2 protein chains.
Amino acid sequence: MRPTIDDVAKTANVSKATVSRYLNGHFERMSAATRDRIAAVVAQLGFVPNRQASALKSRRTHLIGVVVADLANIYSTLLITGINDVTKEAGDQILVAGAGNDLAEEKRVLHLLIGQGVDGIILQPMSQDSHQYDFVRLAGIPMVIVDRDSLPRRHVTVASSDYSASRTLAETVIRAGYKDIIVFANPVQLVSSRMLRYRGFADVGQDHHIPVTLLETHGDSAAEADVSMIGAWLTAHPGHRPAVFTTNGRLLMAALFWMQDQGLQTPRDLGICGYDDWDWARLAGPGITSVNQHPQQIGQKAAEFLYQAVNGTPAPATRIEIPATLDLRHSL
Amino acid sequence: MRPTIDDVAKTANVSKATVSRYLNGHFERMSAATRDRIAAVVAQLGFVPNRQASALKSRRTHLIGVVVADLANIYSTLLITGINDVTKEAGDQILVAGAGNDLAEEKRVLHLLIGQGVDGIILQPMSQDSHQYDFVRLAGIPMVIVDRDSLPRRHVTVASSDYSASRTLAETVIRAGYKDIIVFANPVQLVSSRMLRYRGFADVGQDHHIPVTLLETHGDSAAEADVSMIGAWLTAHPGHRPAVFTTNGRLLMAALFWMQDQGLQTPRDLGICGYDDWDWARLAGPGITSVNQHPQQIGQKAAEFLYQAVNGTPAPATRIEIPATLDLRHSL
DNA sequence: CTGAAAGCGCTAACAC
DNA sequence: GTGTTAGCGCTTTCAG
């Protein structure tokens with residue numbers, strides 16, 4: 001079985017304390033001889049210190065918890081990759097969990113993370129009410145929020161510039177001559193970023209006296225999303241050629257699948273644009289005009305802020321925006 | 001700060017042992033009164049047991065380590081999602097790490113996982129030589145391998161039916177009338193699954209006397225992959241219209257980006273097909289014929305086998321294949 | 001420069 | 001039914 005610090009100490013003829021100093025790099029006042037002897041024994045035994053034990057005393061598990069709304073999402077992957085970029089430098093590991101788009105499940109996994117004694121948490125929150133997360137502050141665990149707001153703001157929040165990116169895209173749509181706009185989204189009341197994306201369109205539409213219709217669906221996979229709502233709208237408005245804006249990549253994909261099935265083409269039959277963090281939209285049809293929010297960068301920034309807090313110098317609880325970028329293509 | 005089992009014990013006027021029994025569900029011989037009292041105190045204090053401490057004695061951290069070759073990959077996301085489906089049921093958590101396609105880095109993170117005392121590991125291995133992983137068996141940690149072989153086979157290995165799927169696809173290509181086949185891949189010697197995918201084509205090509213050219217590139221992102229090799233081939237073979245097969249989704253995307261930039265169309269100028277685990281290929285061009293290896297299922301199966309081992313009844317070290325499926329579309 | 005000893009929060013015999 | 005006690009493997013004063 002795994003050797004312990006005691007095994008190392010005995011084989012090297014020193015005390016556990018000395019080995020511990022060695023492991024933690026406190027060679028300042030240690031004879032080179034002892035150091036080398038310990039090094040040899042560690043290598044020979046293949047000793048790997050047990051972090052569970054060390055955490056008990058040192059109060060540092062070197063674990064960072066990450067909770068995303070839905071694991072099977074490109075956004076999540078890229079976010080996690082960004083976080084990993086910085087935890088790696090710190091020699092830490094990430095504990096990932098998916099909330100399955102469910103508040104109760106999110107709460108459950110947060111408790112698991114607390115139980116594991118994570119040094120900090122990065123959360124894409126299900127709830128807009130930050131009081132829901134009081135228990136993690138009570139546990140004394142630093143947390144930073146990503147992608148969505150949770151208010152009153154108690155944590156640094158890193159998100160993309162949803163509202164302004166959305167406005168810019170809406171202006172583009174209108175400039176392209178569309179007289180009808182459809183926003184295809186998951187329920188916007190529930191999540192601040194969705195709401196901001198919708199509001200960007202709604203506000204610009206109002207400025208230009210262009211009607212903006214909100215079509216809400218539950219489920220965001222191609223299979224679950226109820227894309228036929230768009231078909232219903234089309235039937236109800238014969239002769240109209242609207243621009244459809246989808247608030248996330250899965251919905252964009254769902255909409256495009258549906259169009260393909262219906263034999264609808266863009267921009268001939270309708271315009272389409274939406275969020276896409278993975279650039280595949282460039283390849284669909286004539287190329288879909290889309291917004292990229294750079295989740296990897298969001299992950300990096302979030303992790304950097306988290307470490308500030310973990311190291312005792314938390315930044316003020318403000319919203320940090322990573323600019324989303326617009327890729328103009330030929331679907332409008 | 002976080003309350004401990006001692007705090008709970010004192011407030012509830014019982015011993016730590018009783019609280020511990022409560023926490024672990026040993027109510028068999030416990031008065032309902034004490035049980036309820038403890039429950040109340042636990043809720044009131046917001047007590048969450050410290051798993052680090054419990055692990056020290058119980059030898060179970062409830063942590064499953066997952067090491068993938070590259071975190072920023074759809075395959076990884078879906079694999080992790082599948083693993084999470086089953087660890088969640090067990091009340092466990094997953095510790096994910098990316099090896100950055102580098103053997104040394106993989107070794108480093110494996111050591112970190114061992115240090116964290118994970119109950120088991122799921123690995124998409126960088127090395128085909130299983131001796132590289134002797135140190136994990138020495139540490140007594142159960143492991144299952146996914147996606148690629150590492151031999152001599154010491155661990156259950158869950159992968160997709162690479163060779164047969166690849167043969168089927170090759171037959172399809174040839175039946176479509178192509179007289180030249182190009183396999184665009186990352187170095188095939190290094191990874192068994194790539195090799196199997198290549199061999200499937202090579203063998204079928206030989207059977208039909210159709211030349212199969214292997215074009216190898218390093219880096220698999222659209223930016224890094226050297227797609228111009230295909231262009232060079234085209235230049236060297238004027239008048240030919242080959243079918244290109246890419247051995248993973250990133251390379252498929254890279255090839256399609258390049259074709260788009262070159263103004264090349266499929267199937268007009270060349271045929272194209274490849275691996276795609278996320279169905280976006282359905283939307284590209286006329287729809288790209290592709291192979292889906294169902295990574296989520298692979299993850300689930302792998303986790304199930306891992307738990308068998310963790311629970312003391314390891315399955316024999318065989319290769320388990322999850323059938324890959326072929327989506328015929330219009331790119332050939 | 002190194003060692004002894006106490007203890008982190010929890011579990012698991014073994015008592016009673 | 002419940003309490004006592006002895007650690008799990010490590011870190012960290014405090015001595016020397």
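Owing to the predicted nature of the structure, the values given are computational and were not obtained by experimental measurement. Just so we're on the same page: letters track the sequence lines, and every chain starts at 1.
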Quick one: list whatever passes salt bridge (charged side-chain N to carboxylate O under 4.0 Å, His left out) with [X], sequence neighbours left out.
X	result
A/Asp85	none
B/Asp102	none
A/Lys301	A/Glu304

Contact list for residues 121-138 of chain B, test salt bridge (charged side-chain N to carboxylate O under 4.0 Å, His left out), sequence neighbours left out =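 Counting only pairs at least two positions apart or across chains, the salt bridge (charged side-chain N to carboxylate O under 4.0 Å, His left out) contacts touching residues 121-138 of chain B are B/Asp134-B/Arg154.
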With a cut-off of less than 4.0 Å, is there a side-chain N or O of [X] near OP1 or OP2 of [N]?
X	N	answer
A/Arg59	C/dG9	yes
B/Thr34	D/dT2	yes
B/Ser58	C/dA12	no

request  = Find the bend of the helix from C/dC1-D/dG16 to C/dC16-D/dG1 as the angle between its two terminal axes (five pairs each), to the nearest 10°.
outcome  =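 About 30°, once rounded to a multiple of 10°.
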ask   = Residues in ring-ring contact (aromatic ring centres under 6.0 Å, His included) with A/Tyr75, at least two apart?
value = none
ask   = How would you list, by chain and number, every residue that makes a ring-ring contact (aromatic ring centres under 6.0 Å, His included) with B/Tyr307, sequence neighbours excluded?
value =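 None.
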Using distance only, find each side-chain donor-acceptor pair of residues 34-41 of chain A under 3.5 Å and give its atom names and separation, not counting sequence neighbours.
unit_1, atom_1, unit_2, atom_2, d
A/Thr34, OG1, A/Ser31, O, 3.1
A/Thr34, OG1, A/Ser31, OG, 2.2
A/Arg37, NH1, A/Ala12, O, 2.4

query = What pairs with A/Gln52 under side-chain hydrogen bond (donor to acceptor under 3.5 Å, both in side chains), at least two apart in sequence or on another chain?
reply = none
query = Is there a residue in residues 13-23 of chain B whose heavy atoms reach under 4.0 Å of DNA chain D, and which residues are they?
reply = B/Asn13, B/Val14, B/Ser15, B/Ala17, B/Thr18, B/Arg21
query = Does any residue of residues 47-56 of chain A have a heavy atom under 4.0 Å from DNA chain D, and if so, which ones, in number order?
reply =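 A/Phe47, A/Pro49, A/Asn50, A/Ala53, A/Ser54, A/Leu56 - these, ordered by number, are the residues of the stretch whose heavy atoms sit under 4.0 Å from the strand.
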request  = Sort and list the pairs that fulfil side chain to side chain donor-acceptor pair (under 3.5 Å) and have at least one residue in residues 108-123 of chain B, not counting sequence neighbours.
outcome  = B/Thr61-B/Asp119, B/Glu105-B/Arg108
request  = State which of D/dT2, C/dC10, D/dG7 makes the closest approach to the side chain of B/Ile5.
outcome  = C/dC10
key: B/Gln128 versus B/Asp149, side-chain donor and acceptor atoms under 3.5 Å   =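 There is no such pair (donor and acceptor under 3.5 Å, judged by atom type) between the side chains of B/Asp149 and B/Gln128.
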